[in-house]
Amino acid sequence: MKDQLIVFDTTLRDGEQSPGASMTQEEKIRIAKILEKMRVDVIEAGFPAASEGDAEAVKAVAEVIRDSTVCGLARAVQGDIDRAAESVKPANQSRIHTFIATSPIHMREKLRMEPEEVLQQAVWAVRYARKFTDDVEFSPEDAGRSDLDFLCRVVEAAIEAGATTVNIPDTVGYSVPSQFGNVIRQLIERVPNSDQAVFSVHCHNDLGLAVANSLEAVMNGARQVECTINGLGERAGNASLEELVMAVRTRQDVFPCDTRLDTTNIVPASRLVSTITGFPVQPNKAVVGANAFAHESGIHQDGVIKKRETYEIMRAEDVGWSANRMVLGKHSGRNAFKTRLKELGVEFKTEEELNSAFSRFKNLADKKHEIFDEDLQALVTEESLEQETERFKLITLHVCSQTGETPKATVTLSVDAAETTSVAEGSGPVDATFKAIEKIVNSGGQLQLYSVSNITSGTDAQGEVTVRLEKGGRIVNGHGADTDIVIASAKSYIMALNKLMTSSQRQHPQHSSAI
Ligand code: KIV
Ligand code: ZN
């Protein structure tokens, strides 16, 4: 029997720390559900001390997830640990993850604490967290740049205080594989009580080495990997779940352990995270990129036709790739619609929700002959988001675009339930539409990103638009889908405005010390 490699997903916490990737409670629940379906062992659902909204979102995830452990992050201070404990309480299995920095630069410049004080604080925090749950994870932040002797002392003390998982973060992505693997091996060998905790790693990708460092750590005894879908995360991101899991699964001849993941949910999870955050997946991204299983050269195509294994080391269907399947059409009924969405992991809380989604589906089916899984997913993503985007609503849009004429848009919005219309010209129909919306809302937000992609193929496909707006350092995303890309653009811009004008400020776990 091989050891189990525990998969700890932090898409909802570290992933959310990517600028512009903030997620609503509904979105977090949808991602958490697909992670649970994938059999991820631990879901880090957020940093409850960051804001009231974060605490509520972690609690909401803890209430619905039954099969995965739900974890909340906390700095090594009482307020954070209390918040995390309260938020994860409804979970079947809960974990508190507490951390404090141990590198000389972080202790001196950020925490302004002596190493001995840091050690005492770590011990106190783990003991305090253990009052709420038996499952406590401790991280010495910036371990990748910490002194190994000091790290050994902190880790030993944390285990002695009750930490059941010790996570070694390469917070700034500074490590290289052989050296990082050596750190893990040394820790396990030198810390006398290392057999009483699971060793975990949390690698950032600043040098593009997050997955390589994590795998080297696994070869040297780590039995938990922290990762995110699509490698989302602070700065260059975290180790990507799909790459880590598939490396271990594909190279069972090399790795002494395996995960219990159902990998067929990997591609749907990747798509969902990409749609929700508006972060596209690069086509050549391993495992989940659109070209990951595409063969262009004739020699390769010929080889794959003769024997797939000539050029493919994994089976596309094992990670959830399937040909676009026509699932529903104009004549499909409410029950077929509901059943297919259930298969895709989406369930409606109320009859009204189902009715409203079904009426959108019918509208789409009028315009588009064949409805694929991807269309359904876009439709419900929009549905779930729209409930929270009530301040501004698109009522009508009329666009005039003609050769030799300046494009003009007439937009009617409902603003706090009152209808307002405005007209604007622009360099193109989308520009005119955004200008007309801005005339009404006057948000002052700066457009940072505008991207359009097709959800399925064909000219009748829905266009999915992502808009990113920035104002006073806050970044928000909006997305919208429609067979008309100008309408999709308007929807996505309005969604971003709703977030920009309503969400509250969040605190970043690592930018300030409450100690
Ligand atoms: O990168 C990091 O050090 C973290 C910790 C909070 C684990 O995200
Ligand atoms: Zn991190």
Side-chain angles (χ1 to χ4, degrees), residues 20 274-275 278-283 290 324 330 360-372 374-375 378-379 381-382 385-386 389 391-415 418-471 475-501:
S274 171
T275 307
F279 284 42
V281 175
Q282 76 195 57
N324 284 344
K330 203 179 162 114
R360 274 168 183 276
F361 160 73
K362 282 287 179 189
N363 287 340
L364 180 61
D366 274 342
K367 292 187 252 170
K368 192 171 183 285
H369 208 54
E370 301 167 313
I371 309 283
F372 299 101
E374 291 82 351
D375 291 312
L379 189 130
T381 298
E382 216 171 85
L385 297 173
E386 219 169 57
T389 56
R391 243 199 112 189
F392 310 110
K393 272 193 172 140
L394 179 65
I395 306 295
T396 58
L397 169 62
H398 174 85
V399 183
C400 194
S401 177
Q402 204 179 320
T403 39
E405 296 292 328
T406 307
K408 193 161 115 184
T410 308
V411 174
T412 302
L413 293 189
S414 146
V415 182
E419 287 190 13
T420 320
T421 299
S422 80
V423 183
E425 290 186 339
S427 59
V430 173
D431 188 44
T433 303
F434 287 5
K435 283 188 173 134
I437 296 172
E438 268 304 326
K439 267 191 175 173
I440 300 174
V441 176
N442 212 358
S443 75
Q446 295 297 312
L447 185 69
Q448 285 207 331
L449 173 116
Y450 170 74
S451 80
V452 191
S453 56
N454 48 327
I455 293 182
T456 55
S457 54
T459 49
D460 73 339
Q462 291 198 87
E464 186 167 48
V465 174
T466 300
V467 159
R468 186 169 302 151
L469 294 177
E470 188 269 341
K471 189 181 175 186
I475 301 173
V476 293
N477 275 325
H479 31 261
D482 201 282
T483 48
D484 179 325
I485 59 161
V486 184
I487 296 178
S489 303
K491 285 182 184 171
S492 112
Y493 195 81
I494 291 167
M495 180 184 294
L497 286 176
N498 273 306
K499 287 186 180 173
L500 196 69
M501 314 293 273

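Quick note: numbers below take in every heavy atom, side chains included, and nothing from hydrogens, waters or symmetry partners.
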Closest non-hydrogen atom pair, [X] against [Y]:
X	Y	result
S274	P280	OG-CA, 3.8 Å
L469	A496	CD1-CB, 3.7 Å
A461	N454	CB-CB, 4.4 Å
F392	I494	O-CG2, 3.4 Å
A436	V423	CB-C, 4.4 Å
I440	V415	CG2-CG2, 3.7 Å

Check against side-chain contact (heavy atoms from CB on, under 4.5 Å), S492 and Y450 | CA-CA 9 Å; S492 112; Y450 170 74; 5.7 Å; no

Is the backbone of G444 close enough, under 3.5 Å, to the side chain of K471 for a donor and an acceptor to pair up by distance?
-> no

Without swapping roles, check the side chain of K393 against the backbone of L413 for a donor-acceptor pair under 3.5 Å.
-> no

Verdict with supporting geometry, D375 and F361, side-chain contact (heavy atoms from CB on, under 4.5 Å) = CA-CA 9 Å; D375 291 312; F361 160 73; over 6 Å; no

Partners passing side-chain contact (heavy atoms from CB on, under 4.5 Å) against P407 (at least two apart in sequence or in another chain) | P429

Distance from [X] atom [atom1] to [Y] atom [atom2], nearest 0.5 Å?
X	Y	atom1	atom2	value
S451	F279	OG	CZ	11.0 Å
K499	N477	NZ	CG	6.0 Å
K362	R360	NZ	CZ	16.0 Å

T466 vs L449 side-chain heavy atoms within contact, under 4.5 Å | yes

With a 4.5 Å limit on heavy-atom distance, are the side chains of V411 and L394 in contact?
->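 Heavy-atom side-chain distance check passes, below 4.5 Å.
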
Kindly indicate, with the supporting measurements, whether the criterion side-chain contact (heavy atoms from CB on, under 4.5 Å) is fulfilled by L364 and Q462.
-> CA-CA 9 Å; L364 180 61; Q462 291 198 87; 3.5 Å; yes

Check ion pair K367-D482 (N to O, under 4.0 angstrom) =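 Result for this pair is yes, salt bridge flagged.
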
Qualifying side-chain hydrogen bond (donor to acceptor under 3.5 Å, both in side chains) pairs, either residue in residues 425-448, two or more places apart |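 For residues 425-448, and leaving out neighbouring residues, the side-chain hydrogen bond (donor to acceptor under 3.5 Å, both in side chains) pairs sorted by first residue read S427-D431, D431-K435, E438-S443, E438-Y493.
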
Exceeds 12 heavy-atom contacts within 6.0 angstrom, atom NZ of K368 = yes

Pairs satisfying salt bridge (charged side-chain N to carboxylate O under 4.0 Å, His left out), at least one member in residues 453-469, at least two apart | none

Looking at T396, T410, T412, which one forms a side chain to side chain donor-acceptor pair (under 3.5 Å) with T421?
-> T412

